[in-house]
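See below for the structure under consideration.
Just so you know, residue 1 is the first one in the sequence shown, and it goes up from there.
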Amino acid sequence: MEVLLIISLFLPTLGALAIWVGAAPPRQTALVVAVTVLVMALVLAGGYRGAERHDGVPGEFAVIDDLGWLGVSTPWLDIRLSVGLDGLSLPLYILTTLLTVVAIIVSWEEIKLGPRAFYGHLLLLETAMLGVFAARDVILFYVFFELTLLPLYFLIGIWGSEARQYAAIKFFLFTLAGSVLTFLALLAISFWHGYNVGRLTFSIPEITAGLRARPMEFSAQLAIFLGLFAGFAIKVPLIPFHTWLPLAHVEAPTAGSILLAGILLKVGSYGFVRFCLPLLPEATVACLPWLVTLSVAGVVYGSFVALAQQDLKRLIAYSSIGHLGFCMLGVFSLSRAGVAGGVLQMINHGISTGALFALVGMLYERFHTRQIAAYGGLARKMPVWAFFMGLMVLASIGLPGLNGFAGEVLVLIGFFQRVWGQSQCPPEWFTYLAALSVLATFGVVLAAWYMLWMTERVVFGPVRLPVARGKNSEDQSEPPPSRHPHGVDSLGTESHPGENLWDLKPREIWALCPLAILVVWIGVQPSFFLRMFEPTLSYLVGPAERALLRRLPAEELPLGAFVHFSRSITSGSKAQTPPESFNDCDFDIGNLFESRSTVLGWARHPEAIIRQTQSRNGGLLSEGCAFGSSSPHASVMNPRKRLSEFEALIAAQCSGSTDLGLTRE
C-alpha cells in the first residue's frame, strides 16, 4: 500500500513532465494518467481498516515515514517526506482523483490554445491537491498547500474568460497572504511542541499526540489559532474573506472551476479539522460563537446573493459559499454528528457542485453564454443534460434519498444537539446560538429557492435558445421573439423536429455518470461513508469537545460525559510511571469486571465520575462525548467517589496493582 500511495501521488507530475517535453499526446496522456491514479486510489480504499491504529491515530494506513528530507544534512531539523492516509484524508484523496478525470474529459474539446501547457498544469495541480491530504509532515503539508496556487493561477490567467488576469491575480494574492500567516502558525506549533518534549519534529501525528497530552497555554493557542484561521478561512472561504471566489469561478475554465469548487475549497475546512480542533482546542472553543456566526452568515448571505444572479456560473459560485458555510457549521458544532455531517457535506459539495460546473461548462461550450435569460425549455432540446442538471440540483438542495440530505441532516442534528441538548451549551451562549440555529435552518429553504427557480427558468417552460453562438455572444444573448404559438422559436422544434442536436455526447455522459452514482449511493447508504472517517474524526475532535465540556458549570455537567484518553497502559503491566495529568490518558483495567474492558474516560466533576467501557471483542467505541449510559458496553462508577480517589486508584494500576476495589452500580 505504501508504494501504491507514493506512485499515485507523484505519477501526475511525471505525466505533466512527459506532456511538457512533447513525449506524449497531451489529452490522451492526461486521461490515462488520471484514470490510473483513480484506480490506485480505489485500491488504497480497499485496504483501509478504520479500527487499526498507527502512531496512536485510528484509521491511519499506507504510511511512509522513513524518507528523510532535510534531516540528512541537518539532523536537528527532522523534516521528512512523510505521507499516509486516514479516515479523514482518504475520501478527499479519492474525490480528488475522480474530479481530475472529470475535469480532463470535460475539457477535451474546450481547450484549443496550448493543450500541452493546459493538461500539464492540470496534472501538476492534481499532485499538489493529493499531497495536501496525504502529508503527515507540517512542512510538507505547507509545500503542497502553496503548490496548489501556481497551477490554478496559470489555468485561470491563461485559459480563463475576459477578466481572467484580474481574477487570477486576486485569487493568488488573497490565498498567498493568508497562507503566509498559516505557515508561521504551523511553525509556532512545531516549535512549542519541540520545546516541551526536547526534540524538534514536524510530524503531524506526533505533534497531535503531544499536544493532546500536554496542551498549550490559552494565550498561545489563541494567537496561533488566529494565524491558522487567516489561511484556512480564506481557502474555505468564510465571510468576509470570500470576495476572490465568485470572480475566480466565473473567469476560470470549466476544469478549473470543477477542481476549485470540488477540492481546493475543501483544503480550508480540512485544515480546521486536522489542525485547529485537536491542537488548539481551548482557542477553538473560545472563538466558537464567532466561528458559528461566520458560518451561518455564509449560508444566508450566499443564498440571498445567489438569488439575484443572472449568470449561471456566478449563481453556482455563490451557492458554494452557502454550502461551505453549512459544512463549517457542522465542524464548529463540536459534536460527533455535526462534525461527521460537516465532513460528509464537504464530499457531497465536491460531487454535486463539481457536476454543476461541468454541466454549465458543457452548455457554454455549445452556446457561449451563461446568461439565465438566454435559455428556456432545455428539457425538450437537451433531455440528457436536463436529467443530470435536475439530479444535481436536487442533490444540492438536500432531497431525501440523495447525498445532500444525509449531510445536511447530520449537520442540523449536531448543531441543534449542541445548542438545545441538555447540558450541551454554556448558558451564556444559549440565546445567541439558538437564534443562529434557526437562521441556519432558514438557509436550507433559501438554497431550495434559488436552485429550483434557476431550474424552472432554464430547464422548463418555453424553448428559448441564444441568438448568437459566436465567441462574443455573451452580451447579445437576449432570446428572439417566439414565432410559435407555444413559445418555440426558430431554433426549436420547428426547424429540427425530434432532434436533440445540442444534447450531451457519450464522452460527457461518461464523465457525469460516476458523480451521479455517488449522489445516489451516499443518499441511500451514507453509513458506508460515515464509517470510513468516524474513528479518525472522533480522535481529532475529542480535545475540542472536552474543552467545551470544561466550560460548562459544574452543576451542568451531563451524566455520562467522559473524556477520551490518548495512550494505553496494558492491564497487568508493571512499574509504569503514573501520568502527570489524568485528563488525557487511556488506562486498561481489564481485571476490574468479569469481561475484559477498557476505561475510556471519566467526567471532570467530582460528583459525576462516569466510566465508559467497552468489551475487547466489541470493536472501537466512538471517542468524544457520550451522554447517559445507554450503551451496552457502558458502566457507571459510584458517583460519590471523589476524583482524587479515582486518580489514586489509577495510579495503583500503573504501579502494577489490579485489585482496584471499585464497585459497579
Side-chain angles (χ1 to χ4, degrees), residues 8-22 24 26-27 29-34 37-38 92-93 95-108 110-111 113-135 140-161 164-180 231 234-235 237 244-245 247-268 270 350 354 357-358 361:
S8 67
L9 181 58
F10 292 106
L11 182 61
T13 300
L14 297 178
L17 294 176
I19 291 174
W20 283 336
V21 299
R27 292 179 178 85
T29 302
L31 182 59
V32 169
V33 169
V37 174
L38 172 60
L92 293 169
Y93 197 89
L95 182 63
T96 300
T97 61
L98 175 60
L99 289 183
T100 302
V101 173
V102 173
I104 291 172
I105 296 176
V106 168
S107 306
W108 201 264
E110 178 186 6
I111 302 301
L113 172 66
R116 289 191 179 277
F118 177 84
Y119 288 104
H121 282 93
L122 208 58
L123 291 179
L124 183 61
L125 179 60
E126 182 180 17
T127 289
M129 294 184 296
L130 293 175
V132 167
F133 301 128
L140 188 64
F141 170 83
Y142 182 75
V143 168
F144 285 121
F145 186 81
E146 289 292 271
L147 186 59
T148 60
L149 303 184
L150 293 176
L152 189 59
Y153 170 79
F154 288 114
L155 288 175
I156 297 174
I158 298 176
W159 292 278
S161 300
R164 55 185 179 273
Q165 294 182 355
Y166 174 71
I169 292 173
K170 188 173 183 179
F171 155 76
F172 189 84
L173 292 179
F174 259 77
T175 51
L176 180 64
S179 61
V180 169
I234 291 174
K235 277 285 190 181
W244 63 271
L245 178 64
L247 185 62
H249 267 313
V250 170
E251 301 302 327
T254 302
S257 295
I258 293 172
L259 295 178
L260 178 59
I263 304 300
L264 290 171
L265 301 186
K266 312 303 180 294
V267 172
Y270 174 83
F357 276 118

Do any side-chain atoms of residues 8-19 form donor-acceptor pairs under 3.5 angstrom with protein atoms, and if so which ones, sequence neighbours left out?
unit_1: Ser8; atom_1: OG; unit_2: Leu4; atom_2: O; d: 3.2
unit_1: Ser8; atom_1: OG; unit_2: Leu5; atom_2: O; d: 2.8
unit_1: Ser8; atom_1: OG; unit_2: Tyr93; atom_2: OH; d: 2.7
unit_1: Thr13; atom_1: OG1; unit_2: Thr127; atom_2: OG1; d: 2.8

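Smallest separation of non-hydrogen atoms from Leu99 and Gly350: CD1-O, 3.6 Å. Pairing each heavy atom of Ile258 with each of Ala358, the nearest pair is CD1-CB, 3.7 Å. Residues Thr97 and Glu126 come closest through the heavy atom pair CA-OE2, 3.8 Å. Residues Ala103 and Leu259 approach most closely at CB-CG, 4.3 Å, considering heavy atoms. Among all heavy-atom pairs drawn from Ala255 and Phe118, the shortest one is CB-CZ, 3.9 Å.
Taking Phe174 as the reference, Lys170, Ile234, Thr243, Trp244 meet the side-chain contact (heavy atoms from CB on, under 4.5 Å) condition, with sequence neighbours excluded. Partners of Ser179 according to the side-chain hydrogen bond (donor to acceptor under 3.5 Å, both in side chains) rule, which considers only residues two or more places apart in sequence or in another chain, are Glu146. Residues forming a side-chain hydrogen bond (donor to acceptor under 3.5 Å, both in side chains) with Ser257 (at least two apart in sequence, or on another chain): Lys313. Applying the ring-ring contact (aromatic ring centres under 6.0 Å, His included) test to Tyr119 and every residue at least two apart in sequence or in another chain returns nothing. Taking Ser107 as the reference, nothing meets the side-chain hydrogen bond (donor to acceptor under 3.5 Å, both in side chains) condition, with sequence neighbours excluded.
A donor-acceptor pair under 3.5 Å is formed between the side chain of Trp159 and the backbone N or O of Leu113.
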Report task. Report the C-alpha distance between Leu130 and Val37 in whole Å, list the side-chain angles of each, state the deciding distance to 0.1 Å, and finish with yes or no for side-chain contact (heavy atoms from CB on, under 4.5 Å). Result -> CA-CA 10 Å; Leu130 293 175; Val37 174; 4.1 Å; yes
Report task. Kindly determine whether Leu150 and Leu124 satisfy side-chain contact (heavy atoms from CB on, under 4.5 Å), including the steps that lead there. Result -> CA-CA 9 Å; Leu150 293 176; Leu124 183 61; over 6 Å; no
